Amino acid sequence: RSVYCHDVVVQKTSPDGHTLYTRTLGGESDQLPRQFVFDAQDNVVLFGTTYSKQFPTTPDAVQPNFAGPAAAFSYDGSTPSPGGDIFLSILAPSGGLLYSTFVGSSGNDTVLGVRAASNAQVDLLAAAGASDFLNAPAGVGAPGGPVLLTFDLNSRTLASSGYLPIVAPGTFVAYFASIQDDGTVDVTTRGGLYTFGRDGQQRTFVSLESFAFAGLPGVSTDPAGDVWLVGYTTSRQLLVAKLIAGTVEAFRWALPVVVDGQLYSTSLLLPPFFGPDGLTYLGGSTYFSGAGDAGRLLSTTPNALLQTPCSSYSAGILAVLSAQGEVKLLSYLSAQAKSFAANPDGGVSVVLSDGRDTRIPIDLSQRPKAACVADADLLDRVSTPPPALGVGEVVRLRGAGF
């Protein structure tokens, strides 16, 4: 039987599109590239995950041998689940392999974030699968949190490495962790938000118990350094909250949607988008359950792009909040929001998952807006992509203000 494995391919091209080099890194199983940075010599510092014991390493590797679990082949070409060992490889501007090492434990290890630091160092935030993670303190039992490592690119050695203590050694808790531009690390659990410095020392802790999140909330940091939380509560509401500097609660806002107590019918799938206008944009989708109202918005704002959904079974959701938590717009969309994009005029557009990546400028004014066009024969549903309209055809328009 054929085995299809994913290798890492790095290609460098000139400004005119000419290929300068193509370098492949692989082994007997799968590789998953995660992130890369450039050092002061314009070398590529590449991080990812490998399942391959034969992944190339150099003689000066800090961990020359694969430590992870048995390799997981992708027989059908599908992407494997996270696991294996992390790898760190450095490529010269010509494509030559200058350095390569495993960074891992006997468990499944995953890259959570990478940041190029000063003094020719790079920080790696990792989820360790076992307590024998590279250079981590010995004798701490099973890991209870992420590991923060600093790698010196000049000496090509580990400058520091250690678990971030969010729970007692040997205790497991689900967490979300991210590394910020200033080198600090935010770690969120269901019940608390931690901030650690580059030295691995805890700086702040904020209890999230009062939010009653049912699981891990999504965490995003805005340009001002404030933390936004988005998650479900135990009462199945979607809650958005802002913590100034990650410590002081500024506001919390619950999406006004009908909840049936059984299903999470509404989701804000996209992380908050912090627009150039100082506003925060949230997008997702909602599904309506049968003949009930579950999943429907209790209200929309007067300037909504769409005050009633185009479809009888699902709709996109768009919310725009100010830095103080004031709702500037709450609207249905004709399709789920796929992403946001800044406009040249300083505004923001939403890109729809409608098969055509339709881009709609978000108008916060009260002007009439045609947000959805439906063929009369389709009644209350819209095909994806929408049908072409014929000459003389009767259509239905839905929007706001007309």
Side-chain angles (χ1 to χ4, degrees), residues 190 208 210-220 228-243 249-275 279-340 348 350-354 360 362-364 369 371-372 374 380-382 384 398-401:
R190 178 179 168 182
L208 302 182
S210 66
F211 293 94
F213 286 118
L216 286 177
V219 182
S220 299
W228 291 66
L229 306 173
V230 180
Y232 289 106
T233 66
T234 52
S235 60
R236 300 184 181 274
Q237 284 185 308
L238 262 172
L239 188 69
V240 179
K242 176 183 173 181
L243 302 179
E249 182 180 341
F251 67 83
R252 63 179 73 183
W253 174 71
L255 182 72
V257 66
V258 179
V259 179
D260 64 2
Q262 301 295 323
L263 300 173
Y264 294 113
S265 58
T266 305
S267 61
L268 297 178
L269 301 176
L270 301 179
F273 178 82
F274 305 110
L279 301 176
T280 299
Y281 295 77
L282 302 159
S285 63
T286 185
Y287 295 88
F288 314 127
S289 58
D293 289 329
R296 297 184 183 274
L297 293 174
L298 292 171
S299 62
T300 57
T301 53
N303 62 343
L305 278 68
L306 184 62
Q307 293 178 336
T308 58
C310 297
S311 167
S312 60
Y313 59 89
S314 68
I317 293 288
L318 171 65
V320 182
L321 304 182
S322 72
Q324 294 74 39
E326 179 185 1
V327 181
K328 295 293 186 178
L329 183 144
L330 180 60
S331 175
Y332 288 108
L333 295 171
S334 57
Q336 176 182 307
K338 181 178 181 180
S339 62
F340 293 102
V348 174
V350 58
V351 180
L352 302 181
S353 296
D354 59 356
I360 300 176
I362 300 174
D363 182 4
L364 300 179
K369 308 172 185 72
C372 128
D380 286 333
R381 68 183 179 87
V382 178
T384 303
R398 287 187 180 177

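Fair warning: this is a prediction, and the values are worked out from it, not measured in the lab.
- Here CZ of R190 is found 11.0 Å from CZ of F213. Values are rounded to the nearest 0.5 Å.
- Between the S331 side chain and the L306 main chain, a donor and an acceptor come within less than 3.5 Å of each other.
- Residues S322 and W228 approach most closely at O-CH2, 3.9 Å, considering heavy atoms.
- In this structure, the side chain of K242 engages the main chain of A323 through a donor-acceptor pair within 3.5 Å.
- Residues L321 and V327 have side chains in contact (heavy-atom distance under 4.5 Å, counting atoms from C-beta outward).
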Stepwise side-chain contact (heavy atoms from CB on, under 4.5 Å) check, L238 with V240: CA-CA 7 Å; L238 262 172; V240 179; over 6 Å; no

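- Distance check, rounded to the nearest 0.5 Å: OH of Y232 to CG of L216 gives 14.0 Å.
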Please report the C-alpha distance between Y332 and L297 in whole Å, then the side-chain angles of each, then the deciding distance to 0.1 Å, and finally whether the side-chain contact (heavy atoms from CB on, under 4.5 Å) criterion is met. CA-CA 8 Å; Y332 288 108; L297 293 174; 3.7 Å; yes

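- Under the 4.5 Å side-chain criterion, counting only non-hydrogen atoms from C-beta, L282 is in contact with P272.
- Shown here are the side chain to side chain contact (heavy atoms under 4.5 Å, CB included) partners of L270, two or more places apart in sequence or in another chain: A337, F340.
- Interatomic distance, CG of L318 versus OG1 of T301, reported as 8.5 Å (0.5 Å rounding).
- Taken to the nearest 0.5 Å, the CG atom of L352 stands 9.0 Å off from the OG atom of S339.
- Two residues are said to be in side-chain contact when any heavy atoms from C-beta on lie closer than 4.5 Å; L329 and L279 fail this criterion.
- From F273, atom CZ reaches atom CD1 of I362 across 8.5 Å, with rounding to the nearest 0.5 Å.
- Considering every non-hydrogen atom in both L330 and P256, the closest pair reads CD2-CG, 3.5 Å.
- When all heavy atoms of A319 and W253 are compared, the closest pair comes out as CB-CH2, 3.9 Å.
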For L229 and V219, run side-chain contact (heavy atoms from CB on, under 4.5 Å): C-alpha distance rounded to whole Å, both residues' side-chain angles, the deciding distance at 0.1 Å, then the answer. CA-CA 5 Å; L229 306 173; V219 182; 3.8 Å; yes

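- Between L255 atom CG and I317 atom CD1 the span is 6.0 Å, to the nearest 0.5 Å.
- The minimum heavy-atom distance between S285 and Q336, with the atom names listed, is OG-OE1, 3.5 Å.
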Could you check F288 against R296 for side-chain contact (heavy atoms from CB on, under 4.5 Å), going step by step and ending with a plain yes or no? CA-CA 7 Å; F288 314 127; R296 297 184 183 274; 3.5 Å; yes

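- Between the side chain of N303 and the backbone N or O of K328, at least one donor-acceptor pair lies under 3.5 Å.
- Here the closest non-hydrogen pair linking F211 and E249 is CZ-OE1, 3.7 Å.
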